[in-house]
Amino acid sequence: MFHHPSFDAHERVLFASDETAGFRAIIAVHNTVRGPALGGCRVWTYADDDAALTDALRLSRGMSYKSAMADLPLGGGKSVMIVKERGAATPAMFEALGRAIADLNGRYIVAEDVGSSPKDLLNVRRHTAHVTGLDPEDGGRGDPSPTTSRGVFIGVEATAKAVGFSSLEGVHVAVQGLGNVGYGLARHLRDAGARLTVADISSERVAMAERELGAKAAPVEAIGEVEADIFSPNALGAGLNAMTIPRLKVRAVAGGANNQLATPADDEALRERGILYAPDYVLNAGGVIKMAGEYYRWDDAEVDRRVDGIADRLSEIFTEAARTSRPTGEVADRLAEARFARH
Ligand code: NAD
């Protein structure tokens, strides 16, 4: 365990099972210097136990960075539940997860993630109060996506200003992915006067953006080559890589998709091309800010204020990157690490 390639001084890793319920899960608590470790429960058909452990270790570490750069009183954690097939997770399994989380005495707070839903969390909540991201009818605040979209919008605006625009009026943004986050972002951009070119594998989403937002459509395979001011990835991860970076015709990349850089070398590749990269986890922190607000019972104004802070945090990163001639992703990581370091 301590020599695992993805192990990074995680504080606790709990392997939990309940044979009667057919439950197996790993809860990884990466760092709680800033506060309890918040992170969703991923339910997945892992090829083997090591793949599940790798996911738990990596994703929990990522949450430490995201929460620290959002200035939240939270650390990083994640749980993964191992299932034999998709959709096979039962209420009894989520109850077993709840008992395991209860044993951590508030060190870990669970939310939904790929494969789990807010309703599944109700079964977790039977055994522990350390749950967030519930539906409004269950006492929660509902879907975090609109808050994520607003945070990404604030990040795109701050990035546009960093490359010389005074506002988003007339700025051309190429938006990849029009899902929960991307469509909400596109709407904010349109309201701010930006010019939109969009792509999605769903032709319905594209047609809706053309009709409602006056967007221009681009083929899915060409959105990363559109001549625009800003490229905004809001679909899947690892979209910025050795193949795609040389083809970009923009001044900056700013979007909400998680894990946009395929490798750390791609951070430097963007810098070398003179393309300003807004680190993904700084931009897309609106969701975790909203989850934190539900857990700590902040009012809407407090949540909004913290989402607005994304602009200042990006400016800090851009300024430091310019001062040190280092890539922005690396600079963000160093700033985050300083925020959750043990003194
Ligand atoms: P979603 O599933 O609602 O949207 C994804 C969209 O991308 C879909 O419309 C899909 O058709 C489209 N898509 C898939 N492959 C594509 C491709 N090759 N080219 C163009 N479009 C493609 O998901 P979401 O909730 O909007 O999340 C989008 C990204 O933002 C993900 O990376 C997610 O991890 C990240 N994120 C989401 C939140 C949130 O609050 N929802 C928070 C933080 C990060």
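Every number for a ligand or one of its atoms is a count from 1 in the order of the listing.
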Are any non-hydrogen side-chain atoms of Met63 and His30 less than 4.5 angstrom apart? no

Below the 3.5 angstrom mark, is there an N/O of Asp200, backbone or side chain, next to an N/O of ligand 1? yes

If you scan protein heavy atoms around atom 43 (C) of ligand 1, the nearest is Asn284 O, 3.6 Å

Between the candidates Asn258, Leu185, Thr147, Val181, which shows the shortest non-hydrogen contact distance to atom 24 (P) of ligand 1? Val181

In terms of atom number and element, which parts of ligand 1 are under 4.0 angstrom from non-hydrogen atoms of Gly256? 30 (O), 35 (C), 36 (N), 44 (C)

One finds that the ligand 1 atoms under 4.0 Å from a non-hydrogen atom of Thr148 are 38 (C), 39 (C), 40 (O), 42 (C), 43 (C)

Contact between Ser145 and ligand 1, counting heavy atoms under 4.0 Å? yes

Point-to-point distance, once rounded to the nearest 0.5 Å, from CD of Gln260 to CG of Asn234: 7.5 Å

Are there protein heavy-atom neighbours of atom 32 (O) of ligand 1 below 4.0 Å? yes

Protein contact of atom 4 (O) of ligand 1 - nearest heavy atom, named by residue and atom, plus distance: Gly179 CA, 3.1 Å

To the nearest 0.1 Å, how far is atom 29 (C) of ligand 1 from its closest protein heavy atom, and which atom is that? Ala235 O, 3.4 Å

When rounded to the nearest 0.5 angstrom, what is the spacing between OH in Tyr277 and CD in Glu330? 13.0 Å

N/O donor-acceptor pairs under 3.5 Å from side chains in residues 166-178, not counting sequence neighbours:
{"from": "Ser167", "atom 1": "OG", "to": "Glu169", "atom 2": "N", "distance (Å)": "3.1"}
{"from": "His172", "atom 1": "ND1", "to": "Glu227", "atom 2": "O", "distance (Å)": "3.3"}
{"from": "His172", "atom 1": "NE2", "to": "Thr197", "atom 2": "OG1", "distance (Å)": "2.7"}

Where the side chain of Asp48 meets the backbone of Asp50, is there a donor-acceptor pair that is under 3.5 Å apart? yes

For the side chain of Ser116 and the backbone of Cys41, is there at least one donor-acceptor N/O pair under 3.5 Å apart? yes

Using heavy atoms and a threshold below 4.0 Å, how should the contact between Asn234 and ligand 1 be classified: side chain, backbone, both, or neither? backbone

Hey, is Leu178 touching ligand 1 through its side chain, its backbone, both or neither, going by heavy atoms under 4.0 Å? backbone

Would Phe23 and Phe94 count as a ring pair (Phe, Tyr, Trp, His ring centres under 6.0 Å) if you check the C-alpha gap in whole Å, the side-chain angles of each, and the deciding distance to 0.1 Å? CA-CA 8 Å; Phe23 164 77; Phe94 284 103; 8.7 Å; no

Is there at least one protein heavy-atom neighbour under 4.0 Å from atom 26 (O) of ligand 1? yes

Evaluate salt bridge (charged side-chain N to carboxylate O under 4.0 Å, His left out) for Lys78 paired with Asp55, printing each intermediate quantity in order. CA-CA 9 Å; Lys78 201 84 182 185; Asp55 227 15; over 6 Å; no

Contact check: Asn180 vs ligand 1, nitrogen or oxygen atoms, below 3.5 angstrom: yes

Could you check if a side-chain atom of Tyr183 sits within less than 4.5 angstrom of a side-chain atom of Asp200, using non-hydrogen atoms only? no

Sub-4.5 Å side-chain heavy-atom contact between Trp298 and Arg306: yes

To the nearest 0.1 Å, how far is atom 19 (N) of ligand 1 from its closest protein heavy atom, and which atom is that? Val220 CG1, 3.5 Å

May I ask you to check if ligand 1 and Arg205 share an N or O to N or O distance below 3.5 Å? no

Going by the 4.0 angstrom heavy-atom rule, the piece of Ile201 near ligand 1 is both

